[in-house]
Peer 1: 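Shown below is the structure under consideration.
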Number of protein chains: 2
Amino acid sequence: MEKELITDLSKLLELNKYQELKESIVKYNEVDIAEFLESIDEIEALAIFRLLPKDIAIETFSYLESESQEKLISAMTKAETVELVDHLYIDDMVDLLEEMPTSIVKKIMRNIDHEKRDLINEYLNYPKYSAGSIMTPDIFPIKKENTIQEILNKLRHLDNLNETFYTLYITNEKEELEGFVEIRDILTNAPSTKINEIYNENVIYVDTLTDQEEVAKILEKYQFVAIPVVDQGMKLVGVITFDDAIQVLHEETEEDFSKMAAMSPNEKEYLDTSIFELSKMRFFWLLILMISSTLSQYVINSYGDLLTVFTGLVAFMPMLTDSAGNAGSQASTTIIRGLSIGEIDTSDFLKILFKEFTIALIVGIGLAIVNYIRIMVFRAATPMIALTVSLTLIATIVISKLVGATLPMIATKLKLDPTIMSAPLLTTIVDSVSLVIYFTIAGILL
Amino acid sequence: MEKELITDLSKLLELNKYQELKESIVKYNEVDIAEFLESIDEIEALAIFRLLPKDIAIETFSYLESESQEKLISAMTKAETVELVDHLYIDDMVDLLEEMPTSIVKKIMRNIDHEKRDLINEYLNYPKYSAGSIMTPDIFPIKKENTIQEILNKLRHLDNLNETFYTLYITNEKEELEGFVEIRDILTNAPSTKINEIYNENVIYVDTLTDQEEVAKILEKYQFVAIPVVDQGMKLVGVITFDDAIQVLHEETEEDFSKMAAMSPNEKEYLDTSIFELSKMRFFWLLILMISSTLSQYVINSYGDLLTVFTGLVAFMPMLTDSAGNAGSQASTTIIRGLSIGEIDTSDFLKILFKEFTIALIVGIGLAIVNYIRIMVFRAATPMIALTVSLTLIATIVISKLVGATLPMIATKLKLDPTIMSAPLLTTIVDSVSLVIYFTIAGILL
């Protein structure tokens with residue numbers, strides 16, 4: 001879809017066919033138009049942006065990356081900026097202001113009316129990642145006494161009806177949330193029906209301070225198009241729609257992936273992030289992992305004599321520590337994900353530990369058999385060393401899985417982030433323990 | 001929310017207050033009712049299920065896990081089963097049939113009408129994970145000649161209006177997709193307006209064979225509530241709504257997490273999966289990883305003499321291979337995620353390689369300095385060994401990051417899954433290479 005659009009429109013642009021470009025660009029979705037504008041030179045982008053009908057221009061603007069928004073705004077005249085910003089939804093406007101340099105923020109804030117400025121300031125006061133900071137205040141509250149016909153009449157005269165109207169929320173005279181009706185109830189009941197007769201008072205809501213991840217999970221669970229947001233006094237102040245929730249879930253996933261690979265989370269695109277920033281994000285965790293993995297150095301040194309006599313033991317160390325690490329991270333990832341999506345609870349601890357123990361025993365014995373056969377077939381070591389390695393494999397896989405399952409549970413109990421906590425500790429413990437087991441078994445058998 | 005509900009309702013149940021239970025349960029969302037039914041004894045669950053008003057019962061049923069659905073159905077009378085299944089949405093019905101044992105499927109199929117049976121068979125023919133298999137065929141196509149008033153009249157007489165009506169799709173006399181209007185356009189224009197005057201012909205659609213992940217990405221990108229599905233002849237056959245897309249994105253994320261931890265993906269909940277199944281999923285990957293990590297065994301054996309003379313070298317091996325592995329997986333995770341969400345493309349290869357090289361140099365030198373100081377302060381080894389270890393650290397981190405960035409790119413070019421491909425190869429290459437570098441530098445310096 002996009003590649004085609006970009007090629008088609010770029011050709012018209014090269015030929016300076018602005019009239020044709022103007023006619024064909026409006027046929028595309030605003031998401032695609034935004035992508036096209038970002039693919040071309042910024043002076044041309046501004047020229048084309050000016051050609052767009054007002055409503056399309058405003059929506060396209062809200063889909064641009066913040067850097068592109070900034071470039072466009074700094075090239076606009078004062079009148080253009082005011083016109084544009086004034087028509088953005090409040091939440092898009094706040095997003096914009098949070099990303100822009102102070103000079104542009106000042107330019108914008110000077111030029112919008114008092115009422116909007118107050119609303120923006122209120123928004124900027126909500127904690128980051130709270131429901132308040134992502135909601136839209138463009139709501140259309142209705143009263144119990146309204147009839148369907150009255151509501152249809154009112155809706156007909158609203159000019160910016162966005163997706164928040166799929167569910168209509170009912171408030172009392174104090175603006176407190178009292179219930180909801182879905183737009184389908186409005187459409188399928190007789191015009192003379194009163195809201196009173198059809199509304200549902202069991203409304204699921206969040207408050208302005210609810211964490212955005214929690215909000216997204218509720219929307220996902222109930223498959224709602226939108227969820228209402230109330231303040232501390234139950235006053236209806238906004239709505240969060242499913243598209244914001246998808247965005248939040250997406251960001252949280254990215255964050256989890258980063259943490260699993262031992263990096264600080266990054267909200268920017270890879271190619272847009274500077275080398276210095278990327279290095280910083282990675283250095284910290286590598287340093288912790290490096291320092292923690294030196295524990296195994298002390299283990300090895302304390303068995304120095306054994307290794308001097310049986311030098312053949314050294315060759316199997318990487319395979320043993322690798323297998324232990326992999327087995328442990330299988331368990332820890334499963335448990336971390338289970339905890340984070342609510343599939344399992346810390347109260348299931350003993351049940352999980354037993355399950356992991358049995359799995360580890362089955363997997364460990366299987367691997368040990370394969371390993372013993374392999375060493376013997378390729379004559380890689382003496383039968384006694386092969387036996388030592390295989391027995392170690394079973395023991396370390398059992399211990400690694402138990403440690404891998406336990407760490408995220410402890411972290412959760414201590415209210416620490418299990419994803420961040422588990423990786424370095426897991427490596428440290430599992431490496432050292434597997435070497436201790438290895439050398440102990442070797443000491444007995446050899 | 002749920003915990004409260006479960007406690008409240010369970011109390012009423014214990015006291016056998018069925019009338020009160022009946023009155024209070026209907027106030028909850030069907031998702032919560034389903035959760036409650038799953039938390040109690042199955043005989044009681046069926047009793048309560050029978051108390052529910054028909055529409056609530058049907059929706060609640062669709063939110064139950066398939067095992068609970070199966071239990072309920074096998075306990076129901078024939079008449080009840082027919083009544084229930086007949087009122088499910090076609091896609092929920094198909095989901096149900098796919099999960100049920102044959103005996104129950106037969107019981108159901110015998111009792112529904114011809115038309116529905118044909119539709120179900122058509123569904124069962126769509127490839128797994130295709131748009132066809134997740135769409136709902138309950139569509140409400142309109143004609144260009146319709147007026148808004150006509151549409152409002154028709155909508156008022158539909159009995160199961162689901163979320164698919166937020167966008168109305170226009171078809172011609174051949175039932176081919178021709179455009180769309182949003183329900184907000186219907187509500188904000190005069191009743192006498194013809195669809196002709198307000199519809200949008202640039203409709204974004206998918207076909208029945210489009211992969212479900214692709215569908216979810218399109219819905220996410222455009223922030224649509226729904227997307228139409230056409231067959232190979234452009235005939236409108238169904239609609240996929242945002243809640244299905246969220247479900248798909250969720251599953252894909254789970255899959256990626258599993259692969260990153262070297263496990264086969266699992267669609268079931270952890271506690272519901274048998275030990276045997278879990279062992280199978282994990283064994284395969286541990287086996288591949290174990291076998292591939294034995295390459296380092298040959299590396300170590302070929303430097304046997306060196307290790308016999310300088311036994312102190314062995315102690316630093318785990319730290320070096322661990323750091324190499326961690327540095328490599330930071331790079332590979334970043335690149336895999338970037339590729340999968342479309343942030344980066346294989347054509348960016350050289351740019352990425354250069355970026356990773358520079359990052360690795362910065363991070364590697366930083367770590368090497370810390371490491372050298374640490375060894376000297378704790379007198380863990382001779383200055384020459386400390387130097388050897390530190391120089392190796394720089395070289396291996398550079399190589400690990402380059403390998404980590406390259407492997408996913410190659411896998412993508414070869415149309416292989418980079419997530420599955422990269423982990424075992426990365427460990428093998430990075431372990432062996434870091435040991436070769438270590439022993440080579442040691443050979444020169446010592």
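Note that the structure is a prediction, hence the values are computed from the model and not measured. Residue numbers start from 1 in every chain, and the chains themselves are labelled A, B, ... in the order their sequence lines are given, proteins ahead of strands.
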Peer 1: Would you say that F242(A) contacts V225(B) through its side chain, given a criterion of any heavy-atom pair below 4.5 Å between the two side chains?
Peer 2: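 Side-chain contact under 4.5 Å: yes.
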Peer 1: Answer with side chain, backbone, both or neither: which region of I300(A) has an atom nearer than 4.5 Å to a non-hydrogen atom of chain B?
Peer 2: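 Looking at I300(A), just its side chain touches chain B.
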Peer 1: Rounded at 0.5 Å granularity, tell me how far CD in Q223(A) sits from CG in N29(B).
Peer 2: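 One gets 9.5 Å once the value is rounded to the nearest 0.5 Å.
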Peer 1: Show the numbers, then the answer: is there a side chain to side chain contact (heavy atoms under 4.5 Å, CB included) between V370(B) and M290(A)?
Peer 2: CA-CA 10 Å; V370(B) 176; M290(A) 181 184 86; 4.3 Å; yes
Peer 1: Is it true that, when you exclude F378(B) itself, more than 12 heavy atoms of the residues, nucleotides or ligands shown sit nearer than 6.0 Å to its CZ?
Peer 2: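 Atom CZ in F378(B) is not packed in, count stays at 12 or less.
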Peer 1: At what distance, to the nearest 0.5 angstrom, does OH of Y63(B) lie from OH of Y222(A)?
Peer 2: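 Between atom OH of Y63(B) and atom OH of Y222(A) there are 10.5 Å.
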Peer 1: Is R156(A) reaching over with its side chain to a backbone N or O of A190(B), donor-acceptor style, under 3.5 angstrom?
Peer 2: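 Absent.
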Peer 1: Please look at R282(A) and chain B and tell me whether the side chain, the backbone, both or neither of the residue comes under 4.5 angstrom of a heavy atom of that chain.
Peer 2: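 Answer is both: backbone and side chain atoms of R282(A) are under 4.5 Å from chain B.
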Peer 1: Please report the shortest heavy-atom distance between S279(B) and I362(A), naming the atom on each side.
Peer 2: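 Closest approach of S279(B) to I362(A), heavy atoms only: OG-CD1, 3.7 Å.
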Peer 1: At a heavy-atom distance under 4.5 Å, which candidate from M317(B), R374(B), K280(B), E201(B) has the highest pair count against chain A?
Peer 2: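 Ranked by heavy-atom pairs under 4.5 Å with chain A, first place is R374(B).
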Peer 1: What closest approach, in Å, do N326(B) and L286(A) show between heavy atoms, and which atom pair accounts for it?
Peer 2: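 Reported closest heavy-atom pair: CB-CD2, 3.5 Å.
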Peer 1: Where does F283(A) contact chain B at under 4.5 Å (heavy atoms): side chain, backbone, both or neither?
Peer 2: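 Its backbone and side chain both get close to chain B.
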Peer 1: Roughly how far apart are M319(B) CE and L295(A) CG, rounded to 0.5 Å?
Peer 2: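 One gets 13.0 Å once the value is rounded to the nearest 0.5 Å.
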Peer 1: Give the member of E220(B), Q297(B), E356(B), Q330(B) that has the highest number of heavy-atom pairs under 4.5 Å with chain A.
Peer 2: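 Of E220(B), Q297(B), E356(B), Q330(B), Q330(B) has the most heavy-atom pairs under 4.5 Å with chain A.
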Peer 1: Measuring from atom CD1 of I186(B) to atom CG of L155(A), what distance do you get when rounded to the nearest 0.5 angstrom?
Peer 2: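 One gets 13.0 Å once the value is rounded to the nearest 0.5 Å.
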Peer 1: Less than 4.5 Å apart, side chain to side chain, heavy atoms only: is that true for P318(B) and L435(A)?
Peer 2: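 Yes; the side chains approach each other to less than 4.5 Å.
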Peer 1: Output the option from A315(B), S323(B), A327(B), G304(B) having the highest count of non-hydrogen pairs under 4.5 Å with chain A.
Peer 2: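 Highest number of heavy-atom pairs under 4.5 Å: A315(B).
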Peer 1: Working to the nearest 0.5 angstrom, can you tell me the gap between T358(A) OG1 and I275(B) CD1?
Peer 2: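 Those atoms lie 4.0 Å apart.
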Peer 1: So which part of N189(A) gets closer than 4.5 Å to some heavy atom of chain B, the side chain, the backbone, both or neither?
Peer 2: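 Only the backbone of N189(A) comes within 4.5 Å of chain B.
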Peer 1: Can you find a pair of side-chain heavy atoms, one from I375(A) and one from T294(B), that are under 4.5 Å apart?
Peer 2: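 No, too far: nothing below the 4.5 Å cut-off.
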Peer 1: Given that the side chain runs from C-beta out, which part of E30(A) has a heavy atom under 4.5 Å from chain B: side chain, backbone, both or neither?
Peer 2: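 For E30(A), neither part sits under 4.5 Å from chain B.
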Peer 1: Under a 4.5 Å cutoff for heavy-atom pairs, which residue among N301(A), L320(A), L287(A), L249(A) has the most contacts with chain B?
Peer 2: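 Of N301(A), L320(A), L287(A), L249(A), L287(A) has the most heavy-atom pairs under 4.5 Å with chain B.
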Peer 1: Tell me, for F284(A) versus chain B, whether the close heavy atoms (under 4.5 Å) come from the side chain, the backbone, both or neither.
Peer 2: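 F284(A) has no heavy atom closer than 4.5 Å to chain B.
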Peer 1: Could you check if a side-chain atom of L152(A) sits within less than 4.5 angstrom of a side-chain atom of L152(B), using non-hydrogen atoms only?
Peer 2: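 The answer is no, as the side chains (C-beta and beyond) never meet within the 4.5 Å cut-off.
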Peer 1: Can you tell which part of A245(A) gets under 4.5 Å to a heavy atom of chain B, answering side chain, backbone, both or neither?
Peer 2: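 Contact with chain B: none, neither part.
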Peer 1: Heavy-atom distances under 4.5 Å only: say whether F276(B) touches chain A with side chain, backbone, both or neither.
Peer 2: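 Contact with chain A involves no heavy atom of F276(B) at all.
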Peer 1: Run T308(A) and T308(B) through side chain to side chain contact (heavy atoms under 4.5 Å, CB included) and show every step you take.
Peer 2: CA-CA 7 Å; T308(A) 320; T308(B) 321; over 6 Å; no
Peer 1: Which answer fits F224(A), side chain, backbone, both or neither, if we ask what part of it has an atom under 4.5 Å from a heavy atom of chain B?
Peer 2: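 Answer is both: backbone and side chain atoms of F224(A) are under 4.5 Å from chain B.
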Peer 1: Relative to chain B, which segment of L219(A) carries a heavy atom at a distance below 4.5 Å: side chain, backbone, both, or neither?
Peer 2: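 For L219(A), no heavy atom lies under 4.5 Å from chain B.
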Peer 1: With only heavy atoms counted, which part of L367(A) is less than 4.5 Å from chain B, the side chain, the backbone, both or neither?
Peer 2: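 For L367(A), the contact with chain B is made by backbone and side chain together.
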Peer 1: Give, as side chain, backbone, both or neither, the part of L393(B) having an atom under 4.5 angstrom from any heavy atom of chain A.
Peer 2: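 Interface part for L393(B): side chain.
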Peer 1: Looking at D243(A) and K221(B), does any basic side-chain N land under 4.0 Å from a carboxylate oxygen?
Peer 2: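 Not counted as a salt bridge, because no side-chain N and carboxylate O are separated by less than 4.0 Å.
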Peer 1: Of all of A360(B), G364(B), A381(B), G366(B), which one pairs up most often with chain A through heavy atoms under 4.5 Å apart?
Peer 2: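 Most heavy-atom pairs under 4.5 Å with chain A: G366(B).
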Peer 1: Is chain A contacted by the side chain of Q247(B), its backbone, both, or neither, given a heavy-atom distance below 4.5 Å?
Peer 2: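 When you check distances to chain A, no heavy atom of Q247(B) falls under 4.5 Å.
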Peer 1: Could you tell me if K355(B) sits above the aromatic ring of Y270(A), with its cationic atom closer than 6.0 Å to the ring centre and no more than 45 degrees from the axis?
Peer 2: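 Cation-pi check for K355(B) and Y270(A): passes.
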Peer 1: If you look at every heavy atom in S293(A) and D322(B), which pair is closest and at what distance?
Peer 2: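 The answer is CB-OD2, 3.5 Å.
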Peer 1: Mind checking the CD1-CG spacing from I151(B) to L187(A)? Nearest 0.5 Å is all I need.
Peer 2: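 I151(B) atom CD1 to L187(A) atom CG measures 11.0 Å (nearest 0.5 Å).
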Peer 1: Let's test your reading of the structure: which of V299(B), T334(B), T321(B), N200(B) forms the most heavy-atom pairs below 4.5 Å with chain A?
Peer 2: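 When all of V299(B), T334(B), T321(B), N200(B) are compared, T334(B) has the most.
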Peer 1: Name the region of K401(A), side chain, backbone, both or neither, that has any atom closer than 4.5 Å to a heavy atom of chain B.
Peer 2: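 Answer is side chain: those atoms of K401(A) sit under 4.5 Å from chain B.
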